[in-house]
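Ligands are counted one by one from 1 in listed order, and the atoms in each one are counted from 1 as well. Please read all numbers here as calculations on a predicted model, not as lab measurements.
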Amino acid sequence: MAVNLKGRSFLTLMDFTPGEIRYLLDLAHDLKAKKRLGDQTEMLKGKNIVLLFDKTSTRTRCAFEVACLDEGGHVTFLDPGSSQMGKKESLEDTAKVLGRFFDGIEYRGYEQKVVEDLARHSGVPVWNGLTDVDHPTQILADMMTMEEHMKKPLNHSKVVFCGDIRNNMSYAWMYGCAKMGIHFVAYGPSELEVDQEIVEKARAEAEQTGGKIEIASTPDCLKGADVIYTDVWASMGEEAQIPEKVRLMTPYKVTMDLIRAAENPDVLFMHCLPAFHDFETKMAKEWKEKGYDIREVEDEAFRSKHSVVFDEAENRMHTIKAIIVATIA
Ligand code: CP
Ligand code: NVA
């Protein structure tokens, strides 16, 4: 059956069928090839999109901007300091106004309910640029990167996510793997309270697709991994919890030994970025001075032949372009 995503919001991969996700991945691969050939066709000519960021960003913001401009569209960027949203104007009213001006709205912030409400009230497609519980555009880019590097299809692969297994990336992976029939393992401290509702939802979906969703805290789960993935231990807004997180998550830091435990010479190391892999950032330095090593991955592993982190970063743009084009062009 033909896939038509025109007018659809992109709030979570759970809203999409495996066929629709496949369509977006294929479109992203095509758009990447076209960009390389200089063969862009202004599919977004005459379209206006707005980007709302309640949290900071490098990749997601730039990916949306470049993707839209590449195809001839226009972009407006609003950060928390420069709009009335939530302060002098309700979310509902803001959504209704933005829906009159723009063909699509990107939002990054805290609660998932905000992207849902924006979609409900604006009447135009809303794209989730990260919330506390999901980061679906990142997963699409990561799957595209896996397809570029792996010698096997997604549904024959195993992804092990190490560290903060109760964060937005871990949950987004559960949904993505469940949809695409991937074996997913969340490998982290048993003390962490993983949201059981999310796990159950992902497991029910995985039953339909041949995927598997596991939670583990011992390193035997690394064996046979095709992807070792990690993310910062303290997500945006959680910085005060760093001492406790370092204590809990240090055993799950990605090192060369951890990568070797996959027993797969072709295993990929992946990370959504930004990453703490050395002490070249203000935050890593400041915490080091206080006695905490906040690196979730060692520099050697980050720079190893297994690492495809910058391909993932590039693919944010191609996959986000696919999402924009599929939903509003
Ligand atoms: N991976 C990612 O979302 O990066 P940014 O926070 O820079 O957008
Ligand atoms: N878990 C991280 C992801 C950043 C892309 C955060 O929310 O800060």
Heavy-atom side-chain proximity of I242 to W233 below 4.5 angstrom: no
Rounded distance [0.5 Å steps], CG in D142 versus CE in M169: 5.5 Å
Minimum-distance protein heavy atom relative to atom 7 (O) of ligand 2: N168 ND2, 2.8 Å
Side chain to side chain contact (heavy atoms under 4.5 Å, CB included) partners for D70, two or more places apart: K35, Q40, V66, M317, K321
Between OG1 on residue T255 and CZ on residue R295, distance to nearest 0.5 Å: 10.5 Å
Atom 3 (C) of ligand 2: the protein heavy-atom neighbour that sits closest, reported with distance to 0.1 Å: D231 OD2, 3.6 Å
N/O separation below 3.5 Å, H135 to ligand 2: no
R8 to F16 six-membered ring, cation-pi geometry met (6.0 Å, 45°): yes
Those atoms of ligand 2 less than 4.0 Å from some heavy atom in L130: 3 (C), 4 (C), 5 (C), 7 (O)
Numbered atoms of ligand 2 (with element) below 4.0 Å of M236, judged on heavy atoms: 6 (C), 7 (O), 8 (O)
Sub-4.0 Å heavy-atom contact, L273 with ligand 2: yes
Nearest-0.5 Å distance that lies between atom CD1 in I139 and atom CG in N168: 9.5 Å
Salt-bridge criterion met for E280 and K285 (N-O under 4.0 Å): no
Basic-acidic side-chain contact under 4.0 Å: K55, D132: yes
Interfacing atoms of ligand 2 (cut-off 4.0 Å, heavy-atom, N167): 1 (N)
Ligand 1: protein residues within heavy-atom distance under 4.0 Å: S57, T58, R59, T60, R108, H135, Q138, C272, L273, R316
Heavy-atom donor-acceptor pair, Y229 side chain to C272 backbone, under 3.5 Å: yes
